[in-house]
Amino acid sequence: MGRKILLIDDDAVLLTLMKSAFSTAGYVVESADNGRKGLKALETYDPDLVITDIVMPEMEGIGTIIAIKKKPRAPKVI
């Protein structure tokens, strides 16, 4: 099984492109279209890396990063 990535971005085209590229490269990829959904995904998905946009509706990327970093086993975040 490949390393796991969580992608968080509100741009559907970019999210699809990144998911396809990382999947093709052998990563297991989940995605969310805003920070709130990304944090919800972290409840059941334990990624090695989170790649997030900064400007998004509902919950900005900075707030998402801060919430992720408070987790006991926080993944790396880009």
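By the rule that hydrophobic residues join a cluster once side-chain heavy atoms approach within less than 4.5 Å of another member, Val28 and Ile8 end up as members of one cluster. Neither Ile78 nor Met56 shares a network with the other; the hydrophobic side chains, linked directly or stepwise wherever heavy atoms of I, L, V, M, F, W or Y lie under 4.5 Å apart, form separate groups for each. In terms of hydrophobic clustering, with Ile, Leu, Val, Met, Phe, Trp and Tyr side chains grouped at heavy-atom distances under 4.5 Å, Met59 and Ile65 are assigned to a common cluster. Leu14 is connected to Val29 through a chain of hydrophobic side-chain contacts under 4.5 Å among Ile, Leu, Val, Met, Phe, Trp and Tyr, so both are in one cluster. Under the 4.5 Å side-chain heavy-atom criterion for Ile, Leu, Val, Met, Phe, Trp and Tyr, Val55 and Met18 are members of distinct hydrophobic clusters.
Taking Tyr45 as the reference, nothing meets the ring pair (Phe, Tyr, Trp, His ring centres under 6.0 Å) condition, with sequence neighbours excluded. Not a single side chain to side chain donor-acceptor pair (under 3.5 Å) links Asp48 to another residue, sequence neighbours left out.
To the nearest 0.5 Å, atom CD1 of residue Ile51 and atom CD1 of residue Ile5 are 5.0 Å apart. Going from atom CD of Glu30 over to atom CG of Leu6 covers 7.5 Å, rounded to the nearest 0.5 Å.
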Show every donor-acceptor pair shorter than 3.5 Å between a side-chain atom in residues 32-43 and any protein atom, with sequence neighbours excluded, or say none if there are none.
{"unit_1": "Asp33", "atom_1": "OD1", "unit_2": "Lys37", "atom_2": "NZ", "d": "3.1"}
{"unit_1": "Asn34", "atom_1": "OD1", "unit_2": "Arg36", "atom_2": "N", "d": "3.0"}
{"unit_1": "Asn34", "atom_1": "OD1", "unit_2": "Lys37", "atom_2": "N", "d": "2.9"}
{"unit_1": "Asn34", "atom_1": "ND2", "unit_2": "Glu58", "atom_2": "OE2", "d": "3.4"}
{"unit_1": "Arg36", "atom_1": "NH2", "unit_2": "Glu58", "atom_2": "O", "d": "3.1"}
{"unit_1": "Lys40", "atom_1": "NZ", "unit_2": "Glu43", "atom_2": "OE1", "d": "3.3"}

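Not a single donor-acceptor pair under 3.5 Å links the side chain of Ser20 to the backbone N or O of Thr16.
The heavy-atom pair separating Pro47 from Pro75 by the smallest distance is O-CB, 3.3 Å.
Between Val50 and Ile68 the shortest side-chain heavy-atom distance falls below 4.5 Å.
Annotation: Lys69, atom NZ; neighbour count of heavy atoms from other residues, nucleotides and ligands within 6.0 Å is above 12.
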